[in-house]
Chemist: 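Got a structure for you, written out below as C-alpha cells; questions coming shortly.
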Amino acid sequence: MEFSRFLASVHPALVHFPIALLFAAVALDLYALARRDERAGWAGQALLVAGTVGAMFSFVTGGFAEIWAARAYLPQDPMEQHEGLATLTSWSFIGLVAFRSFLTPTSNPRLFRLYLLLAGLGLVALGATGMQGGRLVYEYAAGVQGVKPPFMATAEDLAVLSQSNTPDELYYSEIMHHIFGWMVLALAAWLLYQDLGLPHVDRIRALGPVALTAGGIFLMIFSDFDSWPLSDLKPVTDREVLAHKVIATLMILVGAGASLARRQVGGQVSRLQNHLIAVLALAGSGILFTHVHTTAPYSDTAMGVYFHHMTLGTAALVAGGVKMLDLSIPEGHRLWSRLWIFMLFLISALLLMYNEGIPWYLGGPGV
Amino acid sequence: MVPRRPRSLSEAPAGGAGRRLVAPRAVLGLLGGIGAVLGLGEPALAHGGGPGVPEWQQSLGDLAVLGLALVVALVLGGNALAPLLRGVPRRRLLALSLVPAVLLAWMLSLLARGTVGRVLFPEPPPPEYRSARAERGGAVATAQGYHVELSRSGDELRLWLSDSYRRPIEPAHFAGTLEVRGRALPLEERAGHRFARAPGAGGEVTATLEVPGGTLRIRWSLGPGGRVRALEPFEPGGPPPSREG
C-alpha cells in the first residue's frame, strides 16, 4: 500500500516529462521539415518516443493517485474527465510514434506535414489534460494534505467506491492471463527452437500459424464469459465483446492465411511486417500502462492490477525497443533476436504468475 | 552443400530458392496483438461501468484506444495476408473486399455508437433510477440523490444506503444514528448495511446519516406487524421518480 501511495505522489513530477518532451519533439520536427534537417528530425523522433514513454508512466502513476483521491472522497467526475483526456493524449501519441517511425522530413514531406498536423492536435489534447489536472489540485484539492476538499463525493461516487469483483470474475481473469502466459511461453520456445536451428525447423515453423488459428478460435469462444456463446448476459455488439471477437476473427484469418501463404512459391515477408511488430509491441505496452479497471476501479484488486500492468507494460516496452533496435542496427541481429526471445520468456513468466490483486513480489498472496 | 543457418527467422534454409515465409512474423505480430486485445477488454470506459452518461472526454479517449488498436490490427493482418492476394484480378479483388468492408463499416458504427454516440444521444435512465421499490421488505425514501431503505426484523431496524441507480453503498462510507422515541441509537456496521437494536420501537423514526457530502435526515413511521412507511418518500422539488415500487 505504501508503495502505491509513493507512486501516486510521483505523478505530479512525472507529468513534466511528456509535457516538455512532446512539445520539444514537435518543435524539432517542424524545424526539420522547414530546413530539411535530418539531424533535427532524428532528435525530434527520439524526443517523441521519450515523451510518449513518459506519458505512459505518468498515466499509470495517475491511476494510483486517482485511487487514493477517490478513497479520500473527492468527486470522481472531474478525475474521469482528466483521465479521458489523458487517454486521448496517450493514445494519440502512441499512434503518432508509430506513424512517425515510417517517416523522415525529406522522404515524404506531404505525409510529414500530415503527421505534424496530427501532432499539433495531440499537443492540444496534452494541454487540455494538463489544464484539467491543474483544476483537480487547485479547485478540488486533490492530493492536498490537511485540508477538507471543497467538493465531496456524491452518492454515485460512493456506490462506485463500494464496488468489488465477484470471485468468478477474478478467477476468470486470472485463468485467461495464465492461458495466454502459456501461449506466449510456447511462442518464445518456438522462436528459440528456430533461432537455434534445431532439426526439422521447417516443420516447426509451420506450427505457428496453426497455433494462431487455434488461439483465435479459443478467444472467439472464451473471451467473455458473460457473453455469447457462454452466456447471453452481454450482447456480442457490446464494444468490449466486439473488440475481442474482431481480434479473434483476425487471428483465425491470418493464421489460416499464413498457412496458405507459406505454401506459395515466392510468398514474401516484407520488412514492413517486422516494423509493424515493433509498433505493435509499443501499442501493447501502451495498452498495459493505460489499462483502467472499470469494474471496482478503486478496490485493492484494481491497485494490484495496476502494479501488474506496470511491470508487464515495462517488459513490453523493452521488447518493442529491442525490435526497433533490430531494425535500426541490423548488424546486431543475433543479439536482438535472442533478447527478443528472452523478453518473451519474461513476459510469459509474468503472465503465468499473474493474480488479481497485489503481486507476490510486493507482498501479495500470489497465484 | 550444407545449408547455412538462416540469418533471420523469416529466411528459409538455403535450399528453399529464396522462399520466405509469412508465418513467423504474422504469428509474432498477431500473438503480440493478443496482449493488446486483453487490454482492449476493458478500455478506459466510464468508471464503475455503470449507468449514466459518460463524460465526453472519456468517450474521445475510448474512441482513440479502440480506433487505433483496430487500425494496427488491420494493417498488420492486411500485410500478412497480402501475399495471398498477389496476382488476383482487380475485379475479383474488389468483390473479395466487399464483405470485409461491410463488416468493417458495421464495426465502426458500433464503435461510434458505443463511445461518442452515448454522449451525443444519451439513453434514458434505467428503471432503477429513483425507484421507490423496496428490495428488502422495508420502505424507501430519497434524500440528496441517495436511496435509503429501512426495514424491521424483530427488534432490529436495518438501514441500506444506495445511490440514485439503487447501486449499494458499503456501510464503511457512511455513519449515523436512528432516533427512536427521543433516543438516538448509533447505527452499527454489518455486511452491506447498518442496524440498530430498538426493542418495542413504534411511531416515528428519524435517521440522521453522515455522508461525505453532508448530512441526510429521513423519517419513517413504524406501524403494527413490522410495517414500515416512509413519511417523505421523495425529497420535495427533486425530479419525479421513474417508476413506483
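Only a predicted model underlies this, so the values are computations on that prediction, with no experimental measurement involved. We name chains A, B, ... by the order of the sequence lines, and we start the count at 1 in each one.
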Chemist: Minimum heavy-atom separation for B:Y146 and A:T154, please, with both atom names.
Modeler: OH-C, 3.8 Å

Chemist: With side-chain contact (heavy atoms from CB on, under 4.5 Å) as the criterion, how do A:H82 and B:Q57 come out once you've worked through the C-alpha distance, each side chain's angles and the decisive distance to 0.1 Å?
Modeler: CA-CA 8 Å; A:H82 179 57; B:Q57 296 93 336; over 6 Å; no

Chemist: Within the side chain of A:E83, is there an N or O that forms a donor-acceptor pair under 3.5 Å with the backbone of B:Q58?
Modeler: no

Chemist: What is the distance from atom OG1 of A:T87 to atom CG of B:L63, rounded to the nearest 0.5 Å?
Modeler: 12.0 Å

Chemist: Please report the closest heavy-atom contact between A:S162 and B:P168, naming both atoms and the distance.
Modeler: CB-O, 3.6 Å

Chemist: Could you tell me which portion of A:S173 (side chain, backbone, both or neither) has an atom closer than 4.5 angstrom to a non-hydrogen atom of chain B?
Modeler: neither

Chemist: Can you name the closest pair of heavy atoms from B:D163 and A:A159 and give their distance?
Modeler: OD2-CB, 3.5 Å

Chemist: Measure the CD-CD1 distance between A:E156 and B:I169 for me, rounded to the nearest 0.5 Å.
Modeler: 8.0 Å

Chemist: Can you name the closest pair of heavy atoms from A:L88 and B:L60 and give their distance?
Modeler: CD1-O, 3.8 Å

Chemist: Heavy atoms only: give me the nearest B:A172-A:Y73 pair and the separation to one decimal.
Modeler: O-OH, 3.9 Å

